[in-house]
2 protein chains.
Amino acid sequence: MSSAHSSSINNPASSATGSQSATSSPTFSPLYQQIKALITQSLQSGEWRPGELIPSEIELANRFKVSQGTVRKAIDELSAENLVVRRQGKGTFVATHHEARAQFRFLRLKPDVGEAQYPDNNIVEAKRLRAPADIARQLDIKTGDSVYFIKRVQSFGEAPTILEELWLPGVIFKGLSVERVLEYKGPMYALLETEFGIQMIRAVENIRAVLADTSASGLLAVELNTPLLSVNRVSFTYGDKAVEVRRSLYVTNHHHYQNELS
Amino acid sequence: MSSAHSSSINNPASSATGSQSATSSPTFSPLYQQIKALITQSLQSGEWRPGELIPSEIELANRFKVSQGTVRKAIDELSAENLVVRRQGKGTFVATHHEARAQFRFLRLKPDVGEAQYPDNNIVEAKRLRAPADIARQLDIKTGDSVYFIKRVQSFGEAPTILEELWLPGVIFKGLSVERVLEYKGPMYALLETEFGIQMIRAVENIRAVLADTSASGLLAVELNTPLLSVNRVSFTYGDKAVEVRRSLYVTNHHHYQNELS
DNA sequence: CAGTGGTCTAGACCACTCC
DNA sequence: GAGTGGTCTAGACCACTGG
């Protein structure tokens, strides 16, 4: 017995050769799913930080007392969900929003011609306020709870193209400095990751067509009643916890929202 | 030697135990990728038809002279790409558009309240004509080549919600009967699958916001200049061959286009 | 060169479906 | 019970990265 990290896995027969695994106990799930859950916990707890190398498959197999193949299958799924990134010969790394690759995972707006690029940010407004009912519902908090509100315009070159409002739960992002936000020019998710250790894992977008009102037409430099793409996004971190509501208006005269169906 | 199906796999050492595989020959790819390609060929050729059971993993392993694990990994990927569907205890089946499950793979429009449902079709127009330049480019055919053109309105309950135009290459869907289309009420992809053995595997949608013109406002029963979601879809079959252009207008007053980012 | 993930095999047992 | 996909193991070798 090498002691230390044994970790309670639902795996009665830790015996010797071949068999073991998967009895039909009340709460059964495959071993690799349990391993996956344990690794996810370590990711969530910050045992390994974004961008860092996680232990090798062999090391994890030893730690959890399972075969390398089982760890591999667990990591395969985490990789498919973009929680980690595998690099042959180097190791497996915790996914991070601080990478060019990651920027476009949550930005589907592409220019009609030319290469995709990341837009410039311009903060219009940033403040704390009390959550309106609809926002609170989407964030799974109570109406009137403290939220951060950020309004910004994103531009490609000289053309303002995205007008968006972000709502972030005050409890989770406690201490978010308005000044910090105002001076920050990079991707918001990268900032939230480094400042609060909160990672956006998944998001759901509801899309409609709307008309530009006075405010939008002014900020986006388009005529009143220009058709705009309205994108209502709710973003989730580990454990399917909602941590952002983002309401965006896209000018789609020279850009389009691209989606792959498969 | 049990003769019959040996099938030329890039696998020099078909020797006995363990090793073999993966020499660094000019055109190298992993064994399971080669197996995947062979299975895909059989799917494409119609050796196994949509909805049918394909041979078991063990049978395929014997046929291709590889281990079951290798076949498994090949099928895993085909399953992830929705080309086949695995059913424990029963077998692996060729995916088909004749299933409730499959309907919503290519229809992301969801009602704001209530369960998703499949709309009723109303054909407005169906005819053969010569491909305009932009359609031809997207279908990878020549301007003026014969195409089928179908215009239809789809309604949820009493509310017309989708106005769309479909272009299908004449060469591929030769003999598509206008009468057949006019009387057909189900999903178009199911019809094309059964009538021509062509399966839609993947699609790319480019989305913008536009204003309803006179024609659209009439057919969709909305006011002139109502904002509409414009969805330009190109669909692909095996071998990434474009086989449909579909230009849709969605009324998003009581529905929204839902997209999951991950 | 050692260490990592990637591929491949062989064999075992489990869970599910159908006869 | 027989057959299918699903899980798990153990061990081998390959491809890639870096010191």
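Everything numeric here is computed off the predicted structure, so don't read it as measured data. Every chain is numbered from 1 and lettered A, B, ... according to where its sequence line falls, protein lines coming before strand lines. Only heavy atoms go into these numbers, but all of them, side chains included; no hydrogens, no water, no symmetry mates.
- Take B:Phe173 and apply the ring pair (Phe, Tyr, Trp, His ring centres under 6.0 Å) test, not counting sequence neighbours, and it matches B:Phe196.
- For the pair A:Lys65 NZ and D:dC8 P, the interatomic distance rounds to 18 Å; values are reported in whole Å.
- Between the CD atom of B:Gln68 and the P atom of D:dC8 there is a distance of 16 Å, given to the nearest Å.
- Contact annotation: the side chain of A:Lys241 approaches that of A:Ile172 to within less than 4.5 Å [non-hydrogen atoms, C-beta and beyond].
- The CD-P distance, from B:Gln33 to D:dA15, rounds to 15 Å in whole Å.
- Between A:Tyr250 and A:Tyr257, the angle of the ring planes stays under 30°, which puts this pair in the parallel group of the 30/60° scheme.
- In this structure, B:Ile39 atom CD1 and D:dG5 atom P are separated by 11 Å, rounded to whole Å.
- DNA chain C is contacted by A:Arg86, A:Arg87, A:Gln88, A:Gly89, A:Lys90, A:Gly91 of residues 75-91 of chain A, taking any non-hydrogen atom closer than 4.0 Å.
- Other residues, nucleotides and ligands contribute only 12 or fewer heavy atoms inside 6.0 Å of the CZ atom of B:Arg49.
- Of the side-chain N and O atoms in B:Lys73, none sit less than 4.0 angstrom from OP1 or OP2 of C:dC8.
- For the pair A:His98/A:Thr194, a side-chain contact is recorded, criterion being any heavy-atom separation below 4.5 Å from C-beta on.
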message: Quick one, B:Arg202 with B:Asp240, criterion salt bridge (charged side-chain N to carboxylate O under 4.0 Å, His left out). Give me CA distance, side-chain angles, the key distance, then yes/no.
response: CA-CA 8 Å; B:Arg202 188 177 77 81; B:Asp240 258 334; 2.9 Å; yes

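- Within residues 44-59 of chain B, the residues approached by DNA chain D to less than 4.0 Å at the level of any non-hydrogen atom are B:Ser56, B:Glu57, in residue-number order.
- Note on A:Thr92: a side-chain N or O is less than 4.0 Å away from OP1 or OP2 of C:dG5.
- Nearest nucleotide to the side chain of B:Pro30, out of C:dT7, D:dT9, D:dG6: C:dT7.
- Salt-bridge formation is detected for the pair B:Asp76/B:Arg86: a Lys NZ or Arg NE/NH1/NH2 atom is positioned less than 4.0 Å from an Asp or Glu carboxylate oxygen.
- Other residues, nucleotides and ligands contribute at most 12 non-hydrogen atoms within 6.0 Å of the CG atom of B:Asp140.
- What separates CZ of A:Arg72 from P of D:dT7 is a distance of 16 Å, to the nearest Å.
- Between A:Val231 and A:Arg108 there is no side-chain heavy-atom pair separated by less than 4.5 Å.
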